[in-house]
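Whatever order the structure lists ligands and atoms in, that order sets their numbers, starting from 1. Remember, predicted model here, so these are calculated numbers, not experimental data.
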Amino acid sequence: MDTPEQRIKIAVQKTGRLTDHSIDLLERCGLKLTQSKDQLFLYGENMPIDLLLVRDDDIPGLVSDDVCDLGIVGLNVVEEVRQKLLADGRKPRFKQVFELDFGHCRLAIAGPEDTDYRGVDSLKDTKIATSYVSILRNYLKEIGIEAEPVYFSGAVEIAPKLGKADFICDLVSTGTTLAANGLVELETLIDSEAVVIQTQEALTDEKQALVDRMLQRLDGVLQVRESKYIMLHAPRESLAEIRALLPGSEAPTVMPLDGTDDKVAVHAVCRENVFWETLENLKQAGASSLLVLPVEKMLA
Ligand code: ATP
Ligand code: ZN
């Protein structure tokens with residue numbers, strides 16, 4: 001599997017909020033990358049997988065046109081492109097195959113702090129500045145409000161100050177940019193995070209098998225992020241109480257301890273972080289020799 005067309009191409013944001021996380025996740029899945037001289041391309045040394053570094057807005061198109069097999073991009077961008085294609089009577093040729101749990105933000109309507117906002121009716125006959133015209137248009141249609149989306153390619157938050165719009169519809173995560181511009185968040189249109197999209201064109205069996213393997217590894221990487229392996233000794237009679245205290249663990253392994261009948265060793269994978277308070281509560285319940293280890297890899 002090594003001619004260019006047999007290699008999997010993944011479109012990733014070149015520089016921006018998603019770049020480091022996207023590359024880091026793929027590296028944690030075992031992919032070793034060499035940077036090409038033009039820095040538009042990262043070559044996979046140990047697997048037939050290459051990354052194409054592009055603007056995030058171009059990612060759904062590249063996957064749709066089969067230039068790339070997969071892409072990592074915000075759901076906000078995927079939805080805008082999808083809804084625009086549908087509005088133009090065209091079919092999106094990509095599908096979402098995985099949620100990556102980073103790049104969380106929401107597409108929201110915001111307005112000046114001093115607006116007398118009384119719910120969506122206050123949007124009637126106003127101008128709303130946004131880079132997400134298709135999503136906004138469909139949202140307005142859904143709630144039955146007539147308002148005019150005004151396209152801004154960036155710096156949307158200054159539109160009200162410039163007198164170009166009454167409200168804005170833009171991405172928000174912490175809300176500090178809004179606050180800095182004297183704006184307050186009013187309505188949420190979509191909750192977004194980074195996702196993996198795949199072309200709807202069928203891949204060769206070999207390529208699809210590798211995509212499935214990478215998605216399974218991604219799942220493992222995401223699962224272990226917060227997971228811990230916990231080991232402790234417990235009096236047999238407190239076993240039920242101790243098990244109940246283990247955060248997010250399913251079936252712990254219980255083993256006899258050499259030379260004693262009334263104590264056992266308990267090993268468990270906890271799907272949540274284990275805090276000092278939990279360890280103190282476990283100790284209070286009779287546990288001893290407590291050990292918490294990070295989990296590096298997991299394969300269900
Ligand atoms: P490009 O040059 O690739 O077009 P960009 O300026 O459009 O970059 P970034 O600002 O890097 O994009 O954001 C990329 C993605 O990060 C967004 O599409 C969104 O999914 C996610 N994101 C998370 N939090 C925020 C936020 N507070 N503001 C904007 N985007 C955010
Ligand atoms: Zn962009």
List every atom of ligand 1 that sits less than 4.0 Å from any heavy atom of [X], numbering the atoms from 1 in the order shown and giving each element.
X    : answer
G16  : 11 (O)
L171 : 17 (C), 18 (O), 19 (C), 28 (N), 29 (C), 30 (N)
G74  : 20 (O)

Of the backbone atoms (N, CA, C, O) and the side-chain heavy atoms from C-beta on, which set of [X] has a member under 4.0 Å from an atom of ligand 1: side chain, backbone, both, or neither?
X    : value
L18  : side chain
R55  : both
S173 : both
H104 : backbone

Inset, instruction - Side-chain contact test, heavy atoms from C-beta onward, threshold under 4.5 Å: evaluate it for V184 versus L186 and give yes or no. - result: yes
Legend entry - Minimum-distance atom from the Zn ion (ligand 2) among N, O or S atoms of D56: OD1
Inset, instruction - Measure from the Zn ion (ligand 2) to every N/O/S atom of D57 and report the name of the nearest one. - result: OD1
Inset, instruction - Could you establish whether K14 and ligand 1 come within less than 4.0 Å of each other, counting only heavy atoms on the residue side? - result: no
Inset, instruction - Just go through V54, D58, N76 and tell me whose heavy atom is the nearest to atom 20 (O) of ligand 1. - result: N76
Considering non-hydrogen atoms of the protein only, which is the closest contact for [atom], and what is the distance?
atom                    : answer
atom 24 (N) of ligand 1 : C105 CB, 3.5 Å
atom 5 (P) of ligand 1  : Q13 NE2, 3.9 Å
atom 11 (O) of ligand 1 : R17 N, 2.8 Å
atom 7 (O) of ligand 1  : D56 OD1, 3.3 Å

From [X] atom [atom1] to [Y] atom [atom2], the distance as rounded to the nearest 0.5 Å:
X    : Y    : atom1 : atom2 : value
L210 : L203 : CG    : CG    : 10.0 Å
F102 : L18  : CZ    : CG    : 5.5 Å
C29  : Q216 : SG    : CD    : 10.5 Å

Legend entry - Distance-only donor-acceptor check, side chains S238 and E241, under 3.5 Å: no
Inset, instruction - Please determine, by modelled atom types, if Q83 and Y139 share a side-chain donor-acceptor pair under 3.5 angstrom. - result: no
Legend entry - Exceeds 12 heavy-atom contacts within 6.0 angstrom, atom CZ of R213: no
Inset, instruction - Tell me, yes or no, whether the heavy-atom count around N46 atom CG, taken from other residues, nucleotides or ligands under 6.0 Å, exceeds 12. - result: yes
Legend entry - atom 13 (O) of ligand 1 touched by protein heavy atom at under 4.0 Å: yes
Inset, instruction - Identify which one of V195, L218, V221 satisfies the side chain to side chain contact (heavy atoms under 4.5 Å, CB included) criterion when paired with L100. - result: L218
Legend entry - Pair E280 + K283: basic N to acidic O under 4.0 Å: no
